[in-house]
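A note on names: the letters A, B, ... follow the listed sequences, proteins ahead of strands, and every chain is numbered from 1.
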There are 2 protein chains.
Amino acid sequence: MAELDDLTARARIRDAAMQLFGEHGFEGATIRGIAEAAGVSSGLVRHHFGSKQALREACDAHLVKLIHRLNDQALAGAGGNHVAAARIAVGPYHAYLARALVDGGAASLFDEMVRLGAQWLADIDRTRTDAPDVAPEVRAAVSTAMALSITVLHEHVSRAMGVDVFSPEGDVLLARALIDLYSHPMLSAEDARKALAGLERHR
Amino acid sequence: MAELDDLTARARIRDAAMQLFGEHGFEGATIRGIAEAAGVSSGLVRHHFGSKQALREACDAHLVKLIHRLNDQALAGAGGNHVAAARIAVGPYHAYLARALVDGGAASLFDEMVRLGAQWLADIDRTRTDAPDVAPEVRAAVSTAMALSITVLHEHVSRAMGVDVFSPEGDVLLARALIDLYSHPMLSAEDARKALAGLERHR
DNA sequence: GCTCCGGCTACACACACGTATAGTCAGCTG
DNA sequence: CAGCTGACTATACGTGTGTGTAGCCGGAGC
């Protein structure tokens, strides 16, 4: 039921909605435009989803389901860096994801990523010589936002990098940049100490 | 002229527009709503800006001017980590900035941040023992997106952290988390080597 | 004092939107 | 075949929107 009806009109409408919502935003996209993109009448959109808001909620639900599936796959597969998992092809839905996040939606998605990230951070904390300054949950919140930033701001990142980050070449270049960034601290231990001291002084 | 007329109706309209555009998106915000928030008639909005699109462009221009000023201050001030500079209070405009970035706007702002970041990265590259795997510009593109992610996703970050990142306490906690993250690599040199090798294998 | 001009308002218009409704058609069940 | 159900369409309605226009009002210049 989940795979077969991906060709039904209902699924086509949902896909078109996710694309157009992502492209023009929720208010910017129109039911008529979505219907046209899906190759159906605007009335059918209402018939299946009832209202524009309900259509949006259906899109959110579908996104969550999709991400969950990708997440499970990533966890089951090669040793899970949750950052890499976040970059997994969200397919043509990355624009919708970005909009949803900025609109304040997709909260459960973000929270689950934080949960996974906190777990992962707590793990590598055990190999650290110095005690972490803040709880893993807090650091996970920040690094989750950072991980998602590539998707949310992919247009700018692609422009600045000179290659689309969702193309094969861009993906490789991005991965190499991430590996380099994540394996080289931007602040030395001394810099960090100085920064922390400066922080104390400011209060 | 720049400071005095910040009390003029024109400036009030612009500020109200930036707030409402940030809150509801460009399509979601209405000229009438903006006019009401600014305490003027909707006709005056048109009188001053001509059209909704032109009003948006005026907002963009104002944002760029504002960020440039903040940027210059940050560069002149305490030894410039461009990441910290990005977090500087964009005031009540962070929502607008987030929308503009996701809409594909604010490109010049992003690009300039990349330029500054690349410079900064090239500087610290000289203290590295191993040669960087990718150009500073590419790494700067990624880390700029990461730096902006706190602002763009501030709602989610605040929820996950349990404190508003734009409050004084949240700001301190965020700074400490950032210092910890930026001074401790998430990948060991060995992990990085393995990840790179895995990348080669995939091609 | 009179005119002129720009900030400012009130009002009207055309249009596109979300929503509602009535109806068509294919397929199934008895 | 009759009857029903649900996917689907065509069309209409009310509303809120961006935009246009005519006019008011206070102050500056002659």
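Among residues two or more places apart in sequence or in another chain, the ring-ring contact (aromatic ring centres under 6.0 Å, His included) test is passed with B:H24 by none. Residues meeting the side chain to side chain contact (heavy atoms under 4.5 Å, CB included) test with B:D133, sequence neighbours left out: A:R176, A:D180, B:L196. Evaluation of the side chain to side chain contact (heavy atoms under 4.5 Å, CB included) rule for B:A100 yields B:D60, B:Y96, B:A106 as partners, not counting sequence neighbours. Evaluation of the side chain to side chain contact (heavy atoms under 4.5 Å, CB included) rule for A:S108 yields A:V64 as partners, not counting sequence neighbours. Partners of B:D125 by side chain to side chain contact (heavy atoms under 4.5 Å, CB included), not counting sequence neighbours, listed by chain and number: B:R128, B:P132, B:P136, B:R139. Every residue meeting the side chain to side chain donor-acceptor pair (under 3.5 Å) condition with B:D103, not counting sequence neighbours, appears here in chain and number order: A:R99, B:R56.
For A:F49 and D:dG6, the CZ to P distance is 17 Å, given to the nearest whole Å. Atom CG in B:L55 sits about 15 Å away from atom P in D:dT17, given to the nearest Å. At whole-Å resolution of the value, NE2 in A:H24 and P in C:dA16 are 16 Å apart.
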Set out, line by line, the N/O atom pairs under 3.5 Å between protein and nucleotides 6-8 of chain C.
{"from": "C:dG7", "atom 1": "OP2", "to": "B:H47", "atom 2": "NE2", "distance (Å)": "3.2"}
{"from": "C:dC8", "atom 1": "OP2", "to": "B:H48", "atom 2": "NE2", "distance (Å)": "3.2"}

Can you name the atoms? Protein N/O to nucleotides 18-20 of chain C N/O, anything below 3.5 Å, with the distance.
{"from": "C:dG18", "atom 1": "OP1", "to": "A:K52", "atom 2": "NZ", "distance (Å)": "2.8"}
{"from": "C:dG18", "atom 1": "OP2", "to": "A:I31", "atom 2": "N", "distance (Å)": "3.0"}
{"from": "C:dG18", "atom 1": "N7", "to": "A:R32", "atom 2": "NH1", "distance (Å)": "2.8"}
{"from": "C:dG18", "atom 1": "O6", "to": "A:R32", "atom 2": "NH2", "distance (Å)": "3.0"}
{"from": "C:dT19", "atom 1": "OP2", "to": "A:K52", "atom 2": "N", "distance (Å)": "3.1"}
{"from": "C:dA20", "atom 1": "OP2", "to": "A:R46", "atom 2": "NH1", "distance (Å)": "2.8"}
{"from": "C:dA20", "atom 1": "OP2", "to": "A:R46", "atom 2": "NH2", "distance (Å)": "2.3"}

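Put simply, the side chain of A:R32 never gets that close to the backbone of A:S42: no donor and acceptor are under 3.5 Å apart.
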For a quick test of your reading: what N or O donor-acceptor pairs under 3.5 Å do the side chains of residues 43-54 of chain A make, sequence neighbours left out?
{"from": "A:R46", "atom 1": "NH1", "to": "A:G50", "atom 2": "O", "distance (Å)": "2.7"}
{"from": "A:S51", "atom 1": "OG", "to": "A:A54", "atom 2": "N", "distance (Å)": "3.1"}
{"from": "A:K52", "atom 1": "NZ", "to": "A:F26", "atom 2": "O", "distance (Å)": "2.9"}
{"from": "A:K52", "atom 1": "NZ", "to": "A:A29", "atom 2": "O", "distance (Å)": "2.9"}
{"from": "A:Q53", "atom 1": "NE2", "to": "A:E57", "atom 2": "OE2", "distance (Å)": "3.3"}

